[in-house]
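Lettering of chains follows the sequences in order, A, B, ..., and the numbering in each one begins at 1.
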Amino acid sequence: MHPYRTHTCGDLRRTDADKQVKLSGWVHRKRDHGGVIFVDLRDHYGITQIVVNPDSPFFKEVETLRNESVITFTGQVVLRTQDTINPNMVTGEIEVVAQDFLLESSVEESLPFTVNQELDCPEETRLSYRFLDLRRERMHKNILLRSKTTALVRQHLCDRGFIEYHTPILTSSSPEGARDYLVPSRLYPGQFYALPQAPQQFKQLLMVSGFDKYFQIAPCFRDEDSRADRSPGEFYQIDMEMSFITQDDLFVELEGLMVRIFRELSSKHIVAETFPRIAFRDAMEWYGTDKPDIRYEMKMVDCTDIFTDCELKVFSSQAQSGGVVKVINAKGAADRPRKFFDEMERYARSEGAKGLAWVALRDGDMKGPIVKFMSDAEKKALCERVGAVEGDALFFGAGKRQETNELMGKVRQALARQLDLVDRNVVAFCWIVDFPMFERNPDTGQIEFSHNPFSMPQGGMEALQTMDPLDILAYQYDIVCNGIELSSGAIRNHRPDIMLKAFDIAGYSESVVKSKFPALWKAFHYGAPPHGGIAPGLDRIIMLLADEPNIREIIAFPLNQRAQDLLMGAPNQVDLRQLEELHIDVVLPPENA
RNA sequence: GGAGACGUAGUUCAGUUGGUUAGAACGCCGGCCUGUCACGCCGGAGGUCGCGAGUUCAAGUCUCGUCGUCUCCGCCA
């Protein structure tokens, strides 16, 4: 017989009755009746109940076992009597009567938290004992889901003709973007490698190398502060790039991948399998953000022109001075108590609003503090414009266009939460398209790239030569799911002449382009195919699949918020000899010296 | 770098207006228990109330500082 097991703890069924078996695993839970002990034995695959009878020579030893000890039982599978069957367990129709027992590994200390229940405990403790934390059902499931996701992505993309490549981890520091992680060079004193923030230039070079369809589940390293949905240090992208494609081709390809992931790995309903496309400017006007949650509608509506001559100066003065009046129709919210409206206003103020006007359509009339300042014509036009009917409540924001859009966008989200419009069992994707190529820096007045300088401007060279730079759009797009930005992507600019012109508009000379991006600049002079791509964040996709609010819950060994690994003790100090080899002198800041 | 919330037993939490010896559940230790499956019953141990000052006759409770954790802003082409 195998020294550890003949079956796993999730294997045995009634058809295995009378078999002689051996099982190994952890003590999940123990029920000691004095005369008989039940041990729930757990491994990766499941839980099986072991029965230890009082005449067993190892009865005393089992009695003193602590939870999470690792043990091996040999015994016979027996059918449970009808009244002792546990319908909640897949192995609940049988149990194993122990005949032999071996303690493989005992638990020496009391556990820092319970493994057999999902009770809250400090994250610091969980990360310090991550190997225990990962035994818990929820974490175990999350890590399995991660594996299933990467396996499905690989299978799907390979089936679609994509090829997976490896790109360097030690590369050169990039001049723009996030802060790099640097690796000192031993051979070249004073010089450094950088860990890639993304394999952006390599995947483009692979396209120039003629490979056509690239993907990689790519580690990316950025030395930036963390967020709930942003791991410090490192994260993974499903990095993709294709040659000879249009934006539409890429959208179809990615929609297929996303729909397959969510269909096969979650039970959530996908609202639309062809994702709606929303122009960046429309997104800002309708939702006040470039990552709208479109699980609910509640677009804001521009009503500026209605209130040009309104008695309410807050509205008319904005309407006359280039500002806007934006209105959100909260369907069916009119009968909410006064407290609801007061709290919405308080929220708006906390986000920087000067106030939040509202009206409620109740009892065949319009109610609210500002109603007396509105003429009948204004009321009528307002209701028509926003489609308001009896029972609806309207919320108003007035001010400068961009500020008001962003503010009312937050109000929209808060309203959706309050009115319970957010369905957790739904995924709503959308594309945000037509990002502007350039924008004016409000501080310096300079024209700058608004996103990736390597995106192809819509209209190509002609647009750059003839249009107002601020009106030029780029083939630059984001994919957004439930209000979370999963990725940016672009059809790239593969033409050196167009690139030079674009950089010229942003105030950069030819020498800057050459020196900042030498690889691509050189490559694009030797026959570069039109190409484009995208790189959805793997971690965020898994968060959505697992319904986890924090990215650390879907990573086996994450850094904490302050970028430390509490289990391994990283970062740590190194030997002086190592520093000398690397020609590194450490100069500590005064407070640490 | 900035802001907010939180910090009481191994863990999750309660702790009144500042007032006697800081409680409960789970876990741990000991005892009882032959059909449980979150087994049950009895008993016990376990606390510098994050740390340091201050106010007060009296501080877990109020004030200030500090440290830690999480969340957000900045940052993330």
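Only the C1' atoms considered, B/G47 is 15 Å distant from B/C13, to the nearest whole Å. Here the separation of B/A3 from B/U20, taken at their P atoms, is 37 Å to the nearest Å. Nucleotides B/U55 and B/U61, compared at atom C1', are 14 Å apart to the nearest Å. Between B/U71 and B/U21, the distance separating the two C1' atoms is 39 Å to the nearest Å. For B/C33 and B/C41, the C1' atoms lie 8 Å apart once the distance is rounded to whole Å. Between the P atoms of B/U63 and B/G27, the separation comes to 38 Å (whole Å). B/G60 sits 12 Å from B/U48 when the C1' atoms are compared, rounded to a whole Å.
For the pair A/Asp32 CG and B/A38 P, the interatomic distance rounds to 17 Å; values are reported in whole Å. Nucleotide B/U11 holds its C1' atom 10 Å from the CZ atom of A/Arg136, rounded to whole Å. For the pair A/Phe38 CZ and B/A38 C1', the interatomic distance rounds to 15 Å; values are reported in whole Å.
Remark: A/Arg126 is not in phosphate contact with B/U11, judged by side-chain N or O atoms under 4.0 Å from OP1 or OP2. In terms of phosphate contacts, A/Gln117 brings no side-chain nitrogen or oxygen within less than 4.0 Å of OP1 or OP2 of B/A38. For the OP1/OP2 pair of B/A77 and a distance below 4.0 Å, the side-chain nitrogens and oxygens of A/Arg222 include at least one atom meeting the criterion. For B/U69, the OP1/OP2 oxygens have a side-chain nitrogen or oxygen of A/Arg562 closer than 4.0 Å. Taking 4.0 angstrom as the limit, A/Asn550 places a side-chain polar atom (N or O) nearer than this to OP1 or OP2 of B/U71.
Here A/Gln561 lies in heavy-atom contact (under 4.0 Å) with a base. Residue A/Asn452 is in sugar-phosphate contact alone, with no base atom involved, counting any heavy-atom pair closer than 4.0 Å across all strands shown. Heavy atoms of A/His451 sit under 4.0 angstrom from primed sugar atoms or phosphate atoms, though from no base atom. Among the atoms of the strands shown, only primed sugar atoms or phosphate atoms (P, OP1, OP2) are found under 4.0 Å from some heavy atom of A/Arg552. Heavy atoms of A/Gln197 sit nowhere under 4.0 angstrom from any nucleic acid atom.
Between the side chain of A/Arg80 and the base of B/C37, a donor-acceptor pair under 3.5 Å is found. For A/Arg227 against B/G74, a side-chain-to-base donor-acceptor contact under 3.5 Å is present. For a distance-only test at 3.5 Å, the side chain of A/Asp83 fails to qualify as a donor-acceptor partner of the base of B/G35. Looking at A/Glu95, its side chain comes within 3.5 Å of the base of B/G35 through a donor and an acceptor atom. With hydrogens and angles left out, the side chain of A/Arg31 and the base of B/C33 share no donor-acceptor pair within 3.5 Å.
Using a 4.0 Å cutoff on non-hydrogen atoms, the parts of residues 41-62 of chain A near RNA chain B are A/Gln49, A/Pro54, ordered by number.
Taking the centre of each ring, A/Phe454 and A/Phe517 come in below the 6.0 Å mark.
Between A/Ile85 and A/Leu65, the one whose closest nucleotide on RNA chain B sits nearer the 5' end is A/Leu65. A residue-by-residue look at A/Gly35 and A/Asp229 shows that A/Gly35 has its nearest nucleotide of RNA chain B further toward the 5' end.
A salt bridge links A/Arg552 with A/Glu123: the closest approach of a Lys/Arg side-chain nitrogen to an acidic carboxylate oxygen falls below 4.0 angstrom. By the 4.0 Å N-to-carboxylate-O rule, A/Glu485 lies too far from A/Lys291 to be salt-bridged with it. A salt bridge does not link A/Glu448 with A/Arg440: every distance from a Lys NZ or Arg NE/NH1/NH2 to an Asp or Glu carboxylate oxygen is 4.0 Å or more.
Enclosure of atom OH in A/Tyr508 is not indicated, since only 12 or fewer non-hydrogen atoms of other residues, nucleotides or ligands lie within 6.0 angstrom.
Nearest nucleotide to the side chain of A/Val36, out of B/U12, B/U34, B/C37: B/U34. Closest to the side chain of A/Met89, out of B/G74, B/C37, B/U69, is B/C37. Side-chain proximity of A/Ala228 to the nucleotides B/U36, B/G74, B/C72 is greatest for B/C72. Residue A/Glu123 places its side chain closer to B/C70 than to any other of B/G35, B/A38, B/C70.
Among residues at least two apart or in separate chains, there is no side chain to side chain donor-acceptor pair (under 3.5 Å) pair with a member in residues 222-231 of chain A.
Two residues are said to be in side-chain contact when any heavy atoms from C-beta on lie closer than 4.5 Å; A/Leu134 and A/Phe557 meet this criterion.
Using cut-offs of 30° and 60° on the angle between ring planes, the pair A/Phe435 and A/His451 is perpendicular. Between A/Trp431 and A/Phe251, the ring-plane angle classifies as parallel under the 30° and 60° cut-offs.
Ring-base stacking between A/His33 and B/C33 is not satisfied when judged by a centre separation under 5.5 Å and a plane angle under 30°. Applying the 5.5 angstrom centroid cut-off and the 30 degree plane-angle cut-off, the aromatic ring of A/Phe113 is not stacked upon the base of B/U11.
For the pairing with A/Val52, the side chain to side chain contact (heavy atoms under 4.5 Å, CB included) check across A/Val97, A/Leu65, A/Ile37 returns one residue only, A/Ile37.
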